[in-house]
Amino acid sequence: MSEHKDFLRTIVEEDLKAGKYQKVITRFPPEPNGFPHIGHAKSIAINFGIARDYKGHCNLRMDDTNPTTEDTKYVEALKDAVEWLGFEWDGEVRYTSDYFDKLYEWAKELIKMNKAYVDSLDEETMREYRGTVTEPGKRSEYAQRSVQENLDLLERMKNGEFKDGEHVLRAKIDMAAANMKMRDPLLYRIRHAHHYRAGDKWAIYPMYDFGHCLSDYIEGVTHSICTLEFENNRDIYNWVIDTLGLEPPRPYQHEFARLGINYTVMSKRKLLELVEGNYVNGWDDPRLPTIAGLRRRGYTPESILNFCESIGIAKANSTVDVAQLEFCIRDDLNTKVPRVMSVLDPLKVTIENYEGSEEFDAPYYPEDIPKEGSRKVPFSKEIYIEREDFCENPPEGYYRLTPTQSVRLRHGYIITCKEVIKDAQGKVIEIIAEYNPDSKSGSDTSGIKVKSAIQWVDVATAKEVEIRLYDRLYKNEAPQTLEDLNPDSLKVIKNALIEPAVITDKPDVRFQFERQGYFYADPIDSTDAHPVFNKIVGLKDSWGKKEKVKAPRAERKSSEKKVQIDGEVEPMSDEQQKLFDKYTSELQLNSMVADILARDEKLSTFYAEVLALNNSAVTIANLVANEVARELKEANKLQFKASDVAQLVQMLDEGTISNKIAKEVFEEMAKSGEKPSDIVTSKGLVQISDPAAIEPIIDDIIAKNPENVEKFKAGNNKLLGFFVGQVLKATGGKANPQVVNELVAQKLK
RNA sequence: UGGGGUAUCGCCAAGCGGUAAGGCCUCGGUUUUUGGUACCGAUAUUCGGGGGUUCGAAUCCCUCUACCCCAUCCA
């Protein structure tokens, strides 16, 4: 585990420490109505990861409460994804549909408590009754039905006596709730549909808000982790569990931001559109961010897990740069896979001074990768090189073959261009070259220095392969529509060439094609007779990048600060205005503090109370406007009285305590309600202002931090805070910060 | 617009009153028979804006702004 815990792990740890739960139980609760994507991988990594880190367990539960969209094939895909990522769920796979009986009992319970009712409004009316975000809704007249009638109706709904939509079961909460989700949410709806697991037993199905929390409870889940869009549903989650009076321990819901990645889409709807509209070739199209797609592309589980860990968990909506994902797969494959040579766009090279043939012994891994293994690479007079690796009129900095620049054939000899043969259109079709017999790789005595080594294949023995080059699915960073699709996201090269060992020896399924990228033998289409390789990701290419940069030279980030227009501040009432005037003129408060006090009745009243006991108007005002305001905001009820604050201010005025200590005392006082003077005495918080007592401490700290002293003397003024902080820490916060400040500044001069 | 959230580098993200972590990207340099890898180095005087409190504020207080979610019988 990394040293910085994310906020979820922090919560889990606190709960464990507080003894709230004996064991952490999480769950991954997908609805089996679509293929899992990398966003699910994040959720899987979080839920299973937390369970693993805290020695708990994680369930896999299909949240299958909507029979019209769900299917077994998705269940399989989901199970498969979890397994592929290397996680093991606790026991059997769980299904919300297995809890239908229990859920139904609880629904009746709610009716008996008069907390749920059968409503018979039609859909449209129900929507009208719900009100809007600014206007309260109104309760359905059916809410007055008797318990008996509700029970009876629900029973008959279950038995299939009514048509879809005729009735629903709703919770009786509050039609005027500011949280729209709490305006009598639906608990059950009628659906005469075949459920892929429950069959035709049920004519009613629970809604998410009813089924999910209770399923968590049934499974003993402790931390129910979901994405941000469920924040509003948390109130119902708690309402259902609380209202039913379920015995603790009970689960609590926590939300995190879902994963977004640029140049792709993640929503089920958009993914479905791509698949069904044949914009891609099925759910496992390697361009898709689905687990199946990533997997078929050649991504490893480790790389995806590393990715999930690297992006962190937080609550801010964010879009991760796809470069981060690409880094993770390169990073993983770099140390794992063999290097081989392939040529995608061949240019023939005839080495006129070479006769016969030979085989080079070439290691599969470069020297910096601690892995063994090698293969034979056949070589003869005629070879192919990559068309890009020859240039007749090279730009500056071009390292490869030119009419005047020799290159090394990787694992082989150094060649030099002798003649360039072109067709009628002027296209280069062949290079006539010469090799240096003394330059053989590994036993080079030629003394020739070349700028680079290029990959190649032998014409006579090279194998033909199909290569599928994948690029980002969309051309826009934040794609909206199908128009944003990248027309070049797939390029198929039917007859690329590859060295024979890849096909005959099959040392692996993933390879680095040197200087090109990582490739994966397509698990479905690749055969011995017709090998197919998917490009997983390209190598980093600092040359290609440089070339590109030459073109667009326009955008420079505009450094001008954007001006922000402030909205209107609400005007004060006459009463408030009067108070404000008194504060600023009579009591000499600054206008900001006066404004805060004048506008808040609780604060101004409290202020007046303290002022009656102590006349340090400004000090009290500052304290009330800042510290007391916070307490009021957090707790709503104050643990202390005006007299306590007056006493605190007096100690401050007398110099018994510093501002820093005052804050500490205040916090304690707000928590325990103890008298400030008692807190000061019991904790020994009297401030130290005597320089003679402070100086030795400062000397000690200066002696211990010679580097920071240097930096400070070099002009890093921020370090003053560091030294003052250290001294304060050493004295338990008791040193008078003002004295310390002066002393430190003096000593470091 | 009522409610619920969120704002720290180009992209993620730590930080919880005392020197603005880290990763990706980018840019230099070293090593290199992959323009790869590895390694070194650079890159936020500033934390959405403005005020206030404090010796000291990304962190506390006030206020404004922007973005996301909620008015499916979806989850």
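Chain naming here is simple, since letters A, B, ... match the order of the sequence lines and numbering starts at 1 in each.
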When we call it a touch if two heavy atoms are under 4.0 Å apart, what does [X] touch: a base, just sugar-phosphate, or nothing?
| X | result |
| --- | --- |
| S318(A) | sugar-phosphate |
| T132(A) | base |
| L719(A) | base |
| S591(A) | nothing |
| H212(A) | nothing |
| G517(A) | nothing |
| N33(A) | nothing |
| T65(A) | sugar-phosphate |
| K540(A) | sugar-phosphate |
| I454(A) | nothing |
| D368(A) | base |
| E514(A) | base |
| Y398(A) | base |
| L597(A) | nothing |

> Parallel, tilted or perpendicular: which describes the rings of Y237(A) and H212(A), with under 30° parallel and over 60° perpendicular?
Replying inline: tilted

Figure out the [atom1]/[atom2] separation between [X] and [N], and round it to whole Å.
| X | N | atom1 | atom2 | answer |
| --- | --- | --- | --- | --- |
| D235(A) | G4(B) | CG | P | 9 Å |
| D389(A) | U34(B) | CG | P | 13 Å |
| R258(A) | A75(B) | CZ | P | 15 Å |
| F722(A) | G18(B) | CZ | P | 12 Å |
| Q253(A) | G4(B) | CD | C1' | 12 Å |
| F210(A) | A75(B) | CZ | C1' | 16 Å |
| K440(A) | U33(B) | NZ | P | 18 Å |

> Taking only residues two or more places apart in sequence, or in another chain, which ones meet F666(A) in a ring-ring contact (aromatic ring centres under 6.0 Å, His included)?
Replying inline: F640(A)

> Considering residues at least two apart in sequence or located in another chain, which fulfil the ring-ring contact (aromatic ring centres under 6.0 Å, His included) criterion with Y435(A)?
Replying inline: Y354(A), Y413(A)

> Pairs in or reaching into residues 710-729 of chain A: which pass side-chain hydrogen bond (donor to acceptor under 3.5 Å, both in side chains), with residues at least two apart or in two chains?
Replying inline: none

>> Counting the benzene-type ring for Trp, do H411(A) and F360(A) have ring centres under 6.0 Å apart?
In response: no

> With a 6.0 Å cut-off on ring centres, are F712(A) and F722(A) close enough?
Replying inline: no

> Is there aromatic stacking of W543(A) against G35(B), centre distance under 5.5 Å, plane angle under 30°?
Replying inline: yes

> Which parts of residues 325-341 of chain A get close to RNA chain B, meaning a heavy atom less than 4.0 angstrom away?
Replying inline: F327(A), N334(A), R339(A)

Grab the N/O contacts between the protein and nucleotides 63-70 of chain B below 3.5 Å, and write none if there aren't any.
| unit_1 | atom_1 | unit_2 | atom_2 | d |
| --- | --- | --- | --- | --- |
| C64(B) | O3' | G567(A) | N | 3.0 |
| C64(B) | O2' | D566(A) | OD1 | 3.2 |
| C64(B) | O2' | G567(A) | N | 2.8 |
| C64(B) | O2 | Q564(A) | NE2 | 3.4 |
| C68(B) | O2' | N317(A) | ND2 | 3.0 |
| C69(B) | O2 | N232(A) | ND2 | 3.4 |
| C70(B) | O4' | N232(A) | ND2 | 3.2 |

>> Strictly by Watson-Crick or wobble contacts shorter than 3.5 Å, is anything paired with C67(B), and which nucleotide is it?
In response: G5(B)

> What interatomic distance, in whole Å, is found between P of A75(B) and the corresponding atom of C70(B)?
Replying inline: 15 Å

> Looking only at N and O atoms, is any donor in the side chain of K449(A) or the base of U33(B) less than 3.5 Å from an acceptor on the other one?
Replying inline: no

>> Regarding U34(B), can its base be found pairing with the side chain of Q512(A) as donor and acceptor, where the two atoms are less than 3.5 Å apart?
In response: yes

> For RNA chain B, whose closest nucleotide is more 5', that of V724(A) or that of R408(A)?
Replying inline: V724(A)

> Base, backbone or nothing for each nucleotide of nucleotides 56-61 of chain B, written B, S, -, heavy atoms under 4.0 angstrom, 5' to 3'?
Replying inline: -B--SB

